[in-house]
Amino acid sequence: MATLHRSLHKLSAAELGIYTFKDNEILKRGRSIRPALSQAIEESRIAIIVFSENYASSSWCLDELAKIIECNGVLGQTVLPVFYYVDPSVVRKQKGSFSKAFDKHEDEIEDKERIQRWRAALAEAASFSGWDVPNTANGHESKCIQAIVEDVMVKLGKVVANEGKNYFGINSRVQKLNAVLNLGFDGVRLVGIYGMSGIGKTTIARAVFDRICAHFEGAIFLHEVGEHSERYGLENLQEKILSEILCIKDLRISNVFEGSNMMKRRLCYKKVLIVLDGIGHLDQLEALAGKHDWFGAGSRVIITTKDKHLLVKHLVDKMYKVEILNEYEAIQLFSWNAFRKNCPAKDYEELSTQIVHYAGCLPLALKVLGSFLYGRDMAGWRSAAERLKRIPEDEIMDKLKLSFNGLKEIEKEIFLDIACFFKGKKRDYITRVLDSFNFYPDIGIKVLIEKSLVTVSKGRILMHPLMQEMGWNIVRQKAPEEPGKHSRLWVEEDICDVLVRDKVTENVEALWLDLSSPKDVVIKNECFEKMNKLRLLKIHNACVSRGPNCIPNELQWLNWHGYPSKFLPDSFQAEKLVGLKLQYSRIIQLWKGIKVLEKLKFINLSHSQKLIRTPDFIGSPNLERLILEDCSILIEIHPSAGHLKRLQLLNLRNCTNLRSLPKRIFLERLEVMILSGCSKVDEFPEILGTMNCVIEVYMEATSIKELHPSVFVHLPSLVLLNLSYCKNLTSLPRCICRLKCLKTLILSGCSKLDKLPDELGQIESLQELYVEETAISKPPSSIILLKNLRTLSFRGCKGKASRSLSSWVLREKCQDSRGVVIPSISGLTSLVGLDLSDCNLLDGGIPCDLGSLSSLKELRLGGNNFTSISAANIKSLSCLMILELVGCKRLEILPELPQGIFQVFADNCTSLQCEADLLAKYEHLFSVSFTNCFQLLEDPQTFRMIDATLEYLIEASFSRYALRKSFPGRHLEELEFSICLPGRNIPAWFTYQNTGPLFKIELPSNWYNDKFMGFAVCAVFDLITGFSCWSYLYLQKHPGLGIRLIVRDQEEMEIFSSFVGLGFIGTENNIHSDHTCLGFVPFKVFDYSFDHHLSPTYIVAYASCGRGSFPKMSPSAKAWGIRLVYGKEVDQNVIPRITGSLNVFHPNTALDDEINCKSNNICARYYAWSSTLLKNGILDTRDNLSKNLILKDSPVCIEPEKLGWEGSSFRDLVNKASECFEGSSGAILLHEVGEHSKRYGPENLQEKILSEILWIKDLSIRNVFEGSNMMKRRLCYKKVLIVLDDIDHQDQLEALTGKSDWFGAGSRVIITTKDKHLLVKHQVDRMYKVELLNEYESIQLFSWTAFKNYPAKDYEELSTQIVHYAGCLPLAVKVLGSFLY
C-alpha cells in the first residue's frame, strides 16, 4: 500500500494536478472517522480500496468504506478495489477472516445498523471491476501498481485539463446537480438545467460532465444545440452522438427519423452520458433524447435550456434551477476577469462593487465587463462605469435578447410592460391591468417565468436588473434620443420634457409618471391630444393645477392619484376603459346620467373628499370592484349599485356622511362588503335572492339596530361577520345559527346586546367568538357544542356576568348539588384562547372544570376579585403557555402552574405574596412580570424566589440553547427570559454597572468563545413615560420594554445590533415608580449578523421605541447592569445569589480551554496579529494567543494596531504550537517578510517555506506563479504552521498564503502587520489586536532592562516617571531601560 501511495504521489510531484490522500491516523477500534477524512473522501474523484486479510477487523476502515460507497452513489465517485492476497468472493460474501471479524463486531458494537451498512458496502465494493494482485501481471506487484497508476491517469485525464479554470461559485452548484443526477440510481435519468441567459448553465453542465464522464461507457457534450441544429440540421447532431460514443467514422444519417431509430437500437444497452446544451425547441429533444428506453441502464442525459416548459413537456425526471451568484462569488469572478486575481486591486474596490451591482451578479455580465476593463487605468474605469448608466454593453444585451426574440408578440408586450412599469408589483395587480389590454396575462406571465425572463417571489413579479435594462433598451432602440417617439414613457425627466416641449407622438402607448414624493409638474391642457394609442396612464405625486382638456378615448387604464379636476373631460368617452383609479381626487361626480361603459371593471375613488354621490351604474354591468373608502361627504349610493351582477368587492369604509344604501340588493358575485365606520347607516339593505359568494361582511361602528332574518338566509356562505361597536344593536335573529360556514363572529362593544341566540351551538364551524364589553349575562347552554371554537372572549362583561359565565363552563354541583346546567365542558376541545378578564369573578367564580380544556394555550383572568385560584384547575391545563392575572388586586398567591408555561403576567396584583421556589421549576418559562406588586418588596421570601428563578431560568435557557434541535417548533426569542418587578437596585452579580439612559462598556479582548451564551441585562426604568414594543399573543398584545444592543468596533462603527424585548409586562397603564427588569439575551438572537472577521470592542445598550438606529429614549433607563454569561458558569453551578455576598466571576476566566492543536477543523485558519510585545508582561498575552490559535470555531475579534511583538517570545509561541504539527518540519517562522521580499523577491520566501516543511534541498522556483502552484499542490494535505512576520503588502499574502485550500486540515497561518486593511482584504479568519502593557508589566520590563532585576532602591519614582513617559510601549520601555543600564 505504501508503494502504491508513493507511486500515485509522484503524479503530484510531476505537477500533473493529481493529488493523493492517504489516512495515516492510527486506527482505533470503535471510533468514527474524523471530519477531515470524511471531507477528503467527498472531494476525491477516485477512491482506491486495498482489501487485505485483516481489513474487516478495523471498524475505522469499514466506516471509510461505507462513506466511499455513499459518495459513489451520490457524487459518482469512481471506486477501484485492489484485492491484496484476498479473494474477491471472500470480501463480497464476508467469509473466512471477514466472517470472524464480523462475529467480533457483532459482540462489541450495539449499533446493528452500522454493521449492516458495512456488510452492504463490502458486497458492493467487491462487485466493482478492480485488481486481484496475485492474478495481475503474474503476481508482479510493481507491474500491478504501474497498471493502477496508468488507469488512474486515464480516468482523471479530462478532469485535470479543466481543473485550472477559475469557476467561482461552481462547486456548490455542482454538488447540488450531482445530488439531482443521483449517479447511484441504476435507471436512466433525464435532468434539466434551466435559468436565465448568462447565468452559467453551460459552465455548470461542463463542470459536471468533466467530473463524471469517466463513469460511463460513452460520453459527449453538445454545445449550443439550438443554433447548431438550425444551421446544420438535427441529423448532424445525431451523427455526432453516435460517432463519438460508438467510435464510428464517416457515419451518415439521411433523416431525423432514421437517426432516432439508430440511436435507440445502438445505445439501448450502453451506459452513456449526453449533455444537450442550449436546447430551444421540443423537436431537438425528441430527436436527440426521445425516451428513456433509448439508453442503457445508468445513463444520464443533461439538458440546459432557458425554457423550463420544454423540460416539463419532455417529462424530464428532475429539474435544477440555476441561482444567481451571491455578491462574494460575483466579486471573485469579476476580479478574476478584471485583475486576474480573486479580489479587486487596491483603490478599485468601490468601482468594482458598483459594476458588480450593475451586473446584478450575472456571470455573463461579470465576465464581459471584467474582460473589457482588464488592464485599463482608473480614468478608463470611471468613464466606463458612467457610460454603463446610459449605454448598456452590446455583448451582454445581445445574449440576453435571444430569450426575448423567442417570444410571441403578445408575450413581448407583457415583458416590456413589466420591465418599464410593473417590476416588483403584486402579480394579481399586474394581471388585472394587463388583462384590460387583452394581453392574456395568466398564460403570458407563466411563459415569461418558464423562460426565466421574470421570477415570482412572495406574490410579486421580479426581474433581473439587466433583463429590465434589456427591455428598456428595446423600447428606446428605434429613437434613442427622442423619447416622444417611444412606445412607453417611464423616466421622469423624459416625461416632463416631452410634455413641456410638446414632443409627444402617437407612438406612445403607455405613460407612467410615478414620483417618489410630491412635485410640481406642468401638464398642458392639450398634452394628450396626440396620444391616440394611449392605453395606460398613471400619474402619482404630481402636483398639477388643473386637469387636461382631453383624455384619449383609447385609454384602458387610468390611474391618476390626486386628479385635479371636478369632472372627467366631456370628450372622454371611456368606451374602452377597464380600470379607473382616482384616489385623493377632487372629483365631485364621475358622470351625469347613464354612460355606457361595458368594459369598466374597477373603480377606486378612495379619499376623494369632494365626492358627493355616485353615478348611475346601469351602463357599467361588468363592474367588479367599487372602492369608495373615506369619501367623507358622500351621502348617497345610486340604487343601480345594488344590482351589479359581477361586483365582487364593495368598500364604503368610513363614509361617515353616507345615510342610505340601495334599499334592495342582489349582487350575485359579491365576496366582501365593507360598511365599517358608516356611522349614519342604520339599516342593512333587503337582499332579494341568495348571494352564495359573500364570505365577509364588516359593519363595525354603524347605527344598525337589528338585522332582518333574510340577511342570513340569503348569505349561506358567510365566513366572517363583524358587528363590533354597533351601539344600537340589541339582538341577533335566531337564523344566524343556520350559517354553516361562519368561522368568526365579532360582537365586541355592542353595549345593548344582552343575549346570544339559544341555538348558537348549531354553528359547528365557528372558531372565533368575541362578545367583549357587551351586556350579555348568561351564555346559551348550547355553546358547549362548539367543538371547533378556538378563541372565546367575554372580557369586560360585568354585572351578573360572573355567575352566569361560570354556569356555562362550570358544573352546578360545584355550587349547588342539584346538578349542572351544562353536563360537560369537554366539547370545547379546540379552545386555544379564553379571556374572562374584568368579569367581576369572585372566589369560586372560576370554572372548576377549567382543567378539561386540553388545547388551551392562553388564559386571561385579569381584573377580577378572587383571592385564590384552584391549583387543580390551572395545573391540569397541559398546553397552557400564557397566564394573565393583571389587576387581580385581591389575589394573594399564584397557583401551581403547568410545566409548559411560557409567560406569567401578574402586574398590579398588589396583595400578591410568594414562595421561594414558586417559579423555579418551569423549564420553558421565559417571561415573568410583577410590576406594581409592592407587597412583594415586604416579603422576605421574594428575593429568595427571584434568586431561585434567575438561576433556574439561566440554566433552562442554556439547556434550550445547547439542545436547540430538540425544540424545532420553538421561536428564537424563546431562548430569552426576563423578570420585571418593583425596585431600583442593580444586583452586584452584574459585572458592568452604570447609571443614566445609555450604557456603554468596553469588551475584554477575549470576550467571545464557544462557551459564550449571551448577555444578562438588568435595567432600572421609570415606566411612567410609556412602553416601547409590543408582543402579539393569541388574544391581545402586551407592552414591553425595548432594548437595543449594539456592538461596535474600535472606530465606533456598528458591527451588528439587535432589538429585543427585555421584558413584556401585562399592563398598558403608566407605572408611577421605578422598576427593575432582569433578563437574558442569548447571542443566538443576533448571531446571524455577527461577522467573525470583524473586531467587536464596545457594547452599547439603550431603551428603544422601535427598530430604528437610534429612536427616542422612552421609557427612560436610570441604571444598567450587564454581565457576559458563559456556559462554564452553568456547568459549574456558580450562578451566585442576587441578594447574597458575591464573588464576582469575571468572564475572562471562562477562557481557560487547553491547547488542542489536533482539532479537526476542515479548513486552514488564518490569524492576524500585530508585531512588538517583549518578554516581561507578555506571557499572559502569549498564553491567550496560543489558546485563541486553537479554538475550533471561536472568532477572536480584535483589531491590529501599530504595535510590535519581540522575536524571541514570538518564537516561543511558535515552538510551543509546532509540537502539535507534523514533526519538526511542520512549522516555519519568516521574519520581516516585507523587507525580505523587497530585497530577494517573494520567490525566495516560497523556496524557504517549501524547503523547510518538505525537507527539500536546493529547491529553485523561477517565478511567483510557479511557487504559488507548488505550495498549493505540495502543502494541501499537510498540517502546517506558518508565521509571516511584518507583512506590508497584499502581494506578499497572495504569494505566500493565497487561500485556505493551500494547506491541509488543521493548519494555522499567523500574520503580523501594522496595516489592518491588508488583513481585511485578504479575508483572514480572525484578527487579534495587541494591547499596550499595563503599568505593572511595564515596570517589570523596564526594571529587567535597566537593572536586570526589580528597581533598585531609591530608583522607584524615577523608574515610574520613565515608564509613564514611554506610555507603556514595550519598544520605548526597552530602549530607555537599556540606555540607562
Side-chain angles (χ1 to χ4, degrees), residues 192-199 201-202 224-231 277-285 303-314 319 321-322 324 360 362 364-365 392 394-425 427 430-457 460-478 486-488 490 507 509-510 512 533 535-536 556:
I193 304 175
Y194 70 97
M196 66 179 289
S197 295
I199 203 169
K201 300 182 294 295
T202 302
E224 298 178 346
V225 170
E227 183 178 341
H228 189 101
S229 64
E230 289 178 7
R231 184 174 297 179
D277 175 54
I279 291 289
H281 198 276
L282 187 59
D283 290 346
Q284 298 157 15
L285 285 176
I303 304 156
T304 78
T305 181
K306 296 182 281 289
D307 189 350
K308 177 184 176 183
H309 194 57
L310 281 180
L311 305 175
V312 174
K313 288 191 290 186
H314 198 58
M319 291 185 285
K321 179 182 179 182
V322 181
I324 210 80
L362 187 70
L364 168 68
D394 289 343
E395 186 177 347
I396 300 171
M397 293 297 112
D398 291 344
K399 182 74 173 179
L400 297 179
K401 201 172 177 182
L402 293 175
S403 299
F404 176 82
N405 291 338
L407 297 175
K408 296 178 180 178
E409 289 303 316
I410 199 166
E411 293 163 355
K412 291 179 179 179
E413 295 294 326
I414 294 174
F415 174 83
L416 294 177
D417 273 0
I418 293 175
C420 296
F421 311 131
F422 299 122
K423 178 184 172 182
K425 306 294 183 184
R427 183 174 182 172
I430 297 173
T431 300
R432 282 200 301 271
V433 178
L434 296 180
D435 191 52
S436 69
F437 309 141
N438 295 320
F439 282 177
Y440 307 101
D442 289 314
I443 185 61
I445 291 175
K446 191 170 183 180
V447 169
L448 298 184
I449 294 171
E450 290 170 346
K451 291 184 179 292
S452 305
L453 290 165
V454 301
T455 59
V456 179
S457 177
R460 296 181 181 271
I461 302 290
L462 305 179
M463 180 181 289
H464 190 277
L466 289 178
M467 279 291 183
Q468 184 178 38
E469 187 165 2
M470 184 262 288
W472 295 345
N473 196 41
I474 291 170
V475 172
R476 293 169 172 155
Q477 63 186 0
K478 292 183 179 179
H486 299 164
S487 63
R488 294 162 178 83
W490 66 94
N507 292 340
E509 298 177 14
W512 187 281
K533 298 179 181 179
R535 56 181 168 84
L536 170 63
Q556 293 158 279

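Along the sequence shown, the residues carry numbers beginning at 1.
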| note | CH2 (Trp472) and CG (Leu466) are apart, to the nearest 0.5 Å, by 10.5 Å
| What residue among Lys412, Arg535, Lys425 forms salt bridge (charged side-chain N to carboxylate O under 4.0 Å, His left out) with Asp417? | Arg535
| field | Shortest non-hydrogen contact between Gly226 and Ser229, atoms and distance | value | O-OG, 2.9 Å
| Heavy-atom pair of closest approach, residues Leu434 and Phe422 | CD2-CE1, 3.9 Å
| request: List the steps and the verdict of salt bridge (Lys or Arg N to Asp or Glu O under 4.0 Å) for Arg488 and Glu413. | output: CA-CA 11 Å; Arg488 294 162 178 83; Glu413 295 294 326; 2.5 Å; yes
| said: Donor-acceptor pair, distance only, cut-off 3.5 Å: does the side chain of Arg427 make one with the backbone of Ile461? | reply: no
| What is the distance from atom CD1 of Ile279 to atom CD of Gln284, rounded to the nearest 0.5 Å? | 5.0 Å
| query | Any chance NZ of Lys478 has more than 12 other-residue heavy atoms, nucleotides or ligands included, within less than 6.0 Å? | reply | no
| Do Lys313 and His309 touch side chain to side chain, with heavy atoms closer than 4.5 Å? | yes
| task | Go through the steps for Asp307 and His281 under the test side-chain contact (heavy atoms from CB on, under 4.5 Å), then give the verdict. | result | CA-CA 9 Å; Asp307 189 350; His281 198 276; over 6 Å; no
| query | Can you list the steps and then say if Leu407 with Ile414 is a side-chain contact (heavy atoms from CB on, under 4.5 Å)? | reply | CA-CA 10 Å; Leu407 297 175; Ile414 294 174; over 6 Å; no
| field | Met467 side chain near Leu448 side chain, heavy-atom distance below 4.5 Å | value | no
| CD1-CG distance between Ile303 and Leu310, expressed to the nearest 0.5 angstrom | 9.0 Å
| message | I'd like to know whether CD of Glu450 has more than 12 heavy-atom contacts from other residues, nucleotides or ligands below 6.0 angstrom. | response | yes
| Taking the six-membered ring for Trp, are Phe421 and Trp512 parallel (under 30°), tilted (30 to 60°) or perpendicular (over 60°)? | parallel
| remark: In terms of heavy-atom contacts, Gly424 and Leu462 come closest through CA-CD2, 4.0 Å
| request: Report yes if the side chains of Ile474 and Gln477 come closer than 4.5 Å at any heavy-atom pair, otherwise no. | output: yes
| task | Work out which heavy atom in Tyr194 is nearest to a heavy atom in Ser452; give both atom names and the distance. | result | CD1-OG, 4.0 Å
| message | Looking at every non-hydrogen atom in both residues, tell me the closest pair between Met319 and Val312 and how far apart they are. | response | CE-CG2, 4.0 Å
| task | Answer yes or no: is there a donor N or O on one side and an acceptor on the other, between the side chain of Gln468 and the main chain of Ala419, under 3.5 Å? | result | yes
| query | Of all heavy-atom pairs between Leu416 and Gly471, which one has the smallest distance, and what is that distance? | reply | CD2-O, 3.6 Å
| Point-to-point distance, once rounded to the nearest 0.5 Å, from CD1 of Ile445 to CG of Leu453 | 12.5 Å
| message | Does any part of the side chain of Ile199, heavy atoms only, come nearer than 4.5 Å to the side chain of Leu362, both counted from C-beta? | response | yes
| query | Which distance, rounded to the nearest 0.5 Å, do you find between the CD of Glu509 and the CD of Gln556? | reply | 10.0 Å
| request: Kindly check if the number of other-residue, nucleotide or ligand heavy atoms within 6.0 Å of NZ (Lys308) is above 12? | output: no
| Candidate pair Lys321 and Thr455, rule side-chain contact (heavy atoms from CB on, under 4.5 Å), full reasoning | CA-CA 12 Å; Lys321 179 182 179 182; Thr455 59; 4.0 Å; yes
| Atom CD in Glu224, atom OG1 in Thr304: separation rounded to 0.5 Å? | 9.5 Å
| query | Are side-chain heavy atoms of Lys306 and Ser197 found at a separation under 4.5 Å? | reply | yes
| message | Go through it in stages, so that I can follow the logic: the residues are Phe404 and Met397, the test is side-chain contact (heavy atoms from CB on, under 4.5 Å), and I'd like the CA-CA distance, side-chain angles, deciding distance and then a yes or no. | response | CA-CA 10 Å; Phe404 176 82; Met397 293 297 112; over 6 Å; no
